[in-house]
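As structure tokens, the structure follows; a few thoughts come after it.
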Amino acid sequence: MHPHAAVSTSVPPPALDRYAAELAALERIDQRRRRLTVEGPQGARIVVDGREHLAFCSNDYLGLAADPRLVEAAVAAVRVHGVGSGASHLVTGHHAPHARAERALADFVGLPAALLFGTGYLANVGVLTALTGAEDAIFSDALNHASLIDGMRLSRARVVRYPHADLAALEAALAATPARTRFVVTESVFSMDGDLAPLPALLALCERHDAWLVIDDAHGFGVLGAQGRGALEHFALDSPRIVYVGTLGKAAGVHGAFVAGAPAIVETVLQRARSYIFTTASPPFLGPVIEASLAIVRAEAWRRERLRELVARFRDGLRETGLRLAASESPIQPVILGTNAAALAASRFLRERGMIVSAIRPPTVAEGTSRLRVSFSAAHTAEDVDRLVAALRELDVQGA
Ligand SMILES: *Cc1c(COP(=O)(O)O)cnc(C)c1O
């Protein structure tokens, strides 16, 4: 036997049976997820299984993920900076393009300082663990993203979950919770429902009760505001109490995320966030790509205008049907179907007609609210929306 050959015993370990049984159980309740493998770039049309499909499920809201200008910026930057950063930010992985992108991002959202992270998941975990500890309290919207929830768990802070966007419940909880420091944590545009958090009222509550406001603008950055500067621009918010997280893999079409806010906050995150410190810095070539994306996001307001038109067309098209839409004006337009089986059947129905819309099921959404999460991109056309509407109307007639 070769000295490095894998060791094999004839009896499989009992845990394998356990995992196989758990996978089978997921299958039975229609909750096993399967990946699609996409050939070629992200876009309104994607090739899956050798066939082109019209897709309505990316977060590439502005249609920038394969924009030729960003591709050129990436290629040029790779030639200068190479591919890998080679180290973490606190060793020698922090390159000039990271520093320039951080300055550009802080200016773009109108906050004093910014810190780049590898992804939004890492940024949310980093912010919450760096800024809070066991003596602190976090007030969290019931629909917050898994990355925020994981950050809260790791922080060891006391977590109070308030019903979705319920200001009265939040105020009562804030008034009743003595803690060294209080943080209210919310998404701006909720990722599975598409509705907008009442950020001005949340900020007013934070001011009244001496709390910080952490805003996860993953789905607002690039989309909200006349220049796409996100939730702060949309609501004209400006406060030293805001800790802002923006992500760059959605509307910006690139990759990564950043935290922005008061210099002492950003510096504290840099010093303490383990998801910042103990990970390799993102490739430096992304810096110039992020800067190029910001310029396009700001300049090409037509992309946001197009999104608004597509969303209005979609909602109009499904008026007076039995389909249940959400109260959303954002590019996220869920069609709520209830059971896992109904959501999967609807997704399959669309797939047979050449369209991809994924079925979102628990634990991503609450039990009994499985849905098609339709999302639009500025790369879609009115005809694309009409095709989707026609198929959904057909589904409705068949009794979805
Ligand atoms: C996608 C998402 C994240 C994570 O961002 P990534 O860069 O994809 O890791 C965080 N929060 C919300 C609300 C998201 O939808």
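Every number for a ligand or one of its atoms is a count from 1 in the order of the listing.
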Do me a favour and list the nearest non-hydrogen protein atom to [atom] with residue, atom name and distance?
| atom | answer |
| --- | --- |
| atom 11 (N) of ligand 1 | Asp216 OD2, 2.5 Å |
| atom 9 (O) of ligand 1 | Tyr121 N, 2.9 Å |
| atom 6 (P) of ligand 1 | Gly120 N, 3.3 Å |

At less than 4.0 angstrom from any non-hydrogen atom of [X], what atoms of ligand 1 do you find?
| X | answer |
| --- | --- |
| Asn124 | 10 (C), 11 (N) |
| Thr119 | 7 (O), 9 (O) |
| Thr247 | 5 (O) |
| Ser147 | 10 (C), 11 (N) |
| Ser191 | 15 (O) |

Can you confirm whether the side chains of [X] and [Y] place a donor and an acceptor under 3.5 Å from each other?
| X | Y | answer |
| --- | --- | --- |
| Asp195 | His164 | yes |
| Asp216 | Asn124 | yes |
| His53 | Arg351 | yes |
| Asp60 | Ser377 | no |

Please say whether His219 places an N or O atom under 3.5 Å from an N or O atom belonging to ligand 1.
yes

Within the structure, is a non-hydrogen atom of Lys250 found at a distance of less than 4.0 Å from ligand 1?
yes

Between Val185, Val243, Thr132, which is the residue that forms a side-chain contact (heavy atoms from CB on, under 4.5 Å) with Val127?
Val243

On a heavy-atom basis, which atom in Arg304 and which in Ala226 lie closest, and how many Å separate them?
NH2-O, 3.2 Å

For Ser239 and Leu213, what are the C-alpha separation, side-chain angles and deciding distance, and is it a side chain to side chain contact (heavy atoms under 4.5 Å, CB included)?
CA-CA 9 Å; Ser239 161; Leu213 181 60; over 6 Å; no

